[in-house]
Number of protein chains: 2
Amino acid sequence: MRKRVTLKDVAAALGVHVSTVSRALDPKTRHLITPEVAEQVVAASERLGYRPNAAAYSLKTNRTRTIGVIVPDITNPVFPPIFRGADDALMRHSYIAILGNTDSSLRREAAIVDTLLARGVEGLIMASVTANDSVVGRLAQEGLPMVTVNRRVDDAGIASVAHDEREGVRRILTHLASLGHRRIAAIAGPQDLSTGRSRHQAFLEYRAAMGLAEDDGLVVFAGGFTDAEGERCAEELLARDRGFTALVCANDLLAIGAIAALRRRRLSCPEDVSVTGYNDMPLADRLFPPLTTIRVEQYRAGHAAADLLIEMLAERSGSAEPAPARHIVLPVEMVIRGSTQALPAVSVARGRAKA
Amino acid sequence: MRKRVTLKDVAAALGVHVSTVSRALDPKTRHLITPEVAEQVVAASERLGYRPNAAAYSLKTNRTRTIGVIVPDITNPVFPPIFRGADDALMRHSYIAILGNTDSSLRREAAIVDTLLARGVEGLIMASVTANDSVVGRLAQEGLPMVTVNRRVDDAGIASVAHDEREGVRRILTHLASLGHRRIAAIAGPQDLSTGRSRHQAFLEYRAAMGLAEDDGLVVFAGGFTDAEGERCAEELLARDRGFTALVCANDLLAIGAIAALRRRRLSCPEDVSVTGYNDMPLADRLFPPLTTIRVEQYRAGHAAADLLIEMLAERSGSAEPAPARHIVLPVEMVIRGSTQALPAVSVARGRAKA
DNA sequence: CTGTTAGCGCGTTCAC
DNA sequence: GTGAACGCGCTAACAG
């Protein structure tokens, strides 16, 4: 590999001093240099193929222009759009992102954060946090700028970008109720994740407010947001035999698993039971049946999180006292597809008679 | 944020010299230090929370322990497993991966490679290359270690990890032929990508070898590996009205689009036409109908690519002359699901009569 | 406007 | 076995 060309090389080629080259190449200091010289420098550095050495820059300025993005598993279709959004936003500010997968293990999370810290990340975007995440707490105390995406931590001192979970659940229930459903089951997500918890709480709340059947036996909790858990939970619901005409799942993967479990029991969706998901992940419209779900803009969330973090970074170098943490809430919308349908007239009638 | 702890801090705390600390912390030089002192150093550095400064290390040693991984778009479900495999392998060797998205634009690719080079990546894993990629060529000439995954470049001098495309196509055609299909259409992938090209060539070859209908009108070329292109191509095939009972698609997304297009025309899969995909991407088993496809182990490919690259890095620092580029070919297997079925007896009979 | 100087944190020669 | 000195490539303060 050809040796790297440095500032010194460019300077030597032009017979000027290194700092002249340095200044000519930095837009913020170029005005200090005679225009012609500056031009020559730019030309020469291009000709020689000069690339600034990021390590030297970091060592000198203590800035790495690097942000860590931590997800449970990039293989889970929810996270690529988040990362992509963050990466695009960061790139625009000439930052780069380093992606870490925790596999939802706190040990791995700590290990990854360690190597990222050694690499000198200036901040962290965390899509993997549990509601009370010890690692996050520790880092926050050390003053490392952080923003959580999609999920939140209980500590309101940590900035976040999330979606309006309550509104999403409200729309799902409103939709199902308008189709005549009264006995609505639910597969709730893990309760140590803010998304699982707030969706479940909104479910309980709106179920009561809308006068739907309030039966604890209609809810089962998933141990993770996976299709396998969706299958397991749906089977448990069916085994309980409480009778339900609709099933609200805390995310799309759970819904996919649930539909598979129904089918195995010769129940079809939506004819026998309407099923809803949450997230509108890629391909949700290509499944059978196409999933009625809540669309959350993951790309936008990642983008917003990165923008927020960069803002925080800029502020920090400005004033001394930290501003209070910002919390951005993104709107959601419902997409109605084939997995939900109206109850047959007779059932609707019966439902109404009861009410 | 608390100021970073450096070697100097640790040395000061113990009243020894910086270089003593440096040596005690490096496994390779620890033997030069009195065991007790070494222990003290280790203890103190842990207590103070010392983290080696990666920038300083890089500047000194000219090694960044950083690898760039370049994909077209991490949002495409094919790539997360590849990245994950690479990342896991790299981490094990205390390397880190930096992910870049090209959006299949050569301009973006060049820009990303530039910033990665500035960051001092020691090598590149490229999942995004076109068959004759100018950027790759340039880098190869400069001697930057590189390996392509999944796809290849024409230049055999570039190491690669890929799958046995010919075998995959052979199995698909054998499977369809055994079900009685004789007129088999194809949606071929982009011909500037090695995967698209080799799958197409294998298709032509085995179609002839197996005595299947050889009709140029049965093949249409997609401009990209997307479901939208799948729809477009399927519509074109139907418009041509050549009559076919099976449709071989160059990847799963194309197949998904094709099935949607068929359905819109009131044709159902597999009753009216059997459809096959390629890749066995996540959720391929959850679609309707579940996709018969070729399983390629993307995670393993990414892992192998990273291992290979690290080997190359180690060799390079050893001997002077470069070893010839290695090319790893991973086996594939077929997974038969609901999207293919046997022709009704009558059609099979007619097919045989013709032969 | 430009050159000089210093030092970021670390590994690696040398001496001792 | 340990300390001293140097320099990786760069930016920033200070001179001129």
Side-chain angles (χ1 to χ4, degrees), chain A residues 1-42 44-45 48-66 94 117-120 122 317, chain B residues 1-42 44-45 48-66 94 117-120 122 317:
Chain A
M1 184 153 42
R2 259 188 6 229
K3 215 188 131 291
R4 236 184 129 118
V5 356
T6 73
L7 279 188
K8 207 199 294 187
D9 299 326
V10 180
L14 258 62
V16 297
H17 197 268
V18 225
S19 19
T20 308
V21 179
S22 172
R23 286 190 271 249
L25 257 27
D26 182 349
K28 290 202 298 284
T29 49
R30 181 162 320 152
H31 66 276
L32 298 172
I33 302 288
T34 326
E36 295 107 55
V37 179
E39 258 177 59
Q40 286 180 15
V41 169
V42 171
S45 72
L48 300 180
Y50 168 73
R51 289 176 202 295
N53 181 320
Y57 174 86
S58 297
L59 188 55
K60 180 66 193 172
T61 62
N62 207 21
R63 306 207 41 211
T64 55
R65 296 198 156 277
T66 301
S94 48
L117 250 34
R119 299 274 178 167
E122 295 180 34
S317 60
Chain B
M1 184 155 40
R2 261 190 1 235
K3 214 188 132 290
R4 237 187 128 115
V5 181
T6 75
L7 279 188
K8 205 199 296 188
D9 299 326
V10 180
L14 257 62
V16 297
H17 197 267
V18 220
S19 20
T20 309
V21 179
S22 172
R23 288 192 266 251
L25 257 27
D26 183 348
K28 290 202 297 284
T29 49
R30 182 163 320 153
H31 65 277
L32 297 172
I33 302 288
T34 327
E36 294 108 54
V37 179
E39 258 178 58
Q40 285 181 14
V41 169
V42 172
S45 72
L48 299 180
Y50 167 72
R51 290 178 201 296
N53 182 320
Y57 174 86
S58 298
L59 188 55
K60 185 67 196 167
T61 62
N62 207 20
R63 306 209 39 213
T64 54
R65 294 198 154 278
T66 302
S94 48
L117 250 33
R119 299 277 177 165
E122 297 180 32
S317 59

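A note on names: the letters A, B, ... follow the listed sequences, proteins ahead of strands, and every chain is numbered from 1.
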Query raised in the report: How would you label the contact of L7(B) with the nucleic acid (heavy atoms, under 4.0 Å): base, sugar-phosphate, or nothing?
Result: sugar-phosphate
Query raised in the report: Can you tell me if the side-chain N/O atoms of T29(B) get under 4.0 Å from OP1 or OP2 in dT12(C)?
Result: no
Query - Phosphate OP1/OP2 of dC8(D) contacted by T61(B) side-chain N/O (<4.0 Å) - result: no
Query raised in the report: Using a cut-off of less than 4.0 Å, is there contact between a side-chain N or O of Y57(B) and OP1 or OP2 of dG9(D)?
Result: no
Query raised in the report: Is the backbone N or O of E36(A) less than 3.5 Å from a side-chain atom of T34(A), with the two atoms forming a donor-acceptor pair by type?
Result: no
Query raised in the report: Taking atom C1' of dG9(C) as reference, at what distance in whole Å does atom CG of N62(A) sit?
Result: 10 Å
**Report entry** L59(B) versus A55(A), closest heavy-atom pair with distance
**Finding:** N-CB, 4.1 Å
Requested in this report: Rounded to the nearest angstrom, tell me the gap between atom NZ in K60(B) and atom C1' in dC6(D).
Outcome: 7 Å
Report task. Report the distance from atom NZ of K8(B) to atom C1' of dA4(D), rounded to the nearest whole Å. Result -> 15 Å
Requested in this report: On DNA chain D, check which nucleotide each of H31(B) and S19(A) is closest to and give me the residue with the more 5' one.
Outcome: H31(B)
Query - Distance-only donor-acceptor test, R23(B) side-chain atoms vs dG3(D) base atoms, 3.5 Å - result: yes
Query - Protein-nucleotide distance (R119(B), atom CZ; dG9(D), atom C1'), rounded to Å - result: 15 Å
Query raised in the report: Y50(B) OH to dG11(C) C1': how many Å, rounded?
Result: 11 Å
Report summary line: Comparing nearest nucleotides in DNA chain D, the 5'-proximal residue of the pair G15(B), A56(B) is G15(B)
Report summary line: Between NE2 of H17(B) and P of dC6(D) the distance, given in whole Å, is 12 Å
Query - Approximate separation, where rounding is to 0.5 Å, of R4(A) CZ and D9(A) CG - result: 11.0 Å
Query raised in the report: In whole angstrom, what separates L48(A)'s CG from dG9(D)'s P?
Result: 15 Å
Query raised in the report: Between dG11(C) atom P and L25(B) atom CG, what is the distance in whole Å?
Result: 8 Å
Query raised in the report: Contact class for V18(A) vs. all strands (heavy atom < 4.0 Å): base, sugar-phosphate, or nothing?
Result: nothing
Query raised in the report: Looking for any heavy atom pair under 4.0 Å, which part of the strands does L59(A) touch: base, sugar-phosphate only, or nothing?
Result: base
Report task. State whether T6(B) places a side-chain N or O below 4.0 Å from either non-bridging phosphate oxygen (OP1 or OP2) of dG9(C). Result -> no
Report task. Would you indicate whether N62(B), at its atom CG, is surrounded by more than 12 heavy atoms from other residues, nucleotides or ligands within a distance under 6.0 Å? Result -> no
Query raised in the report: Any side-chain N or O of T34(B) under 4.0 Å from OP1/OP2 of dT2(D)?
Result: yes
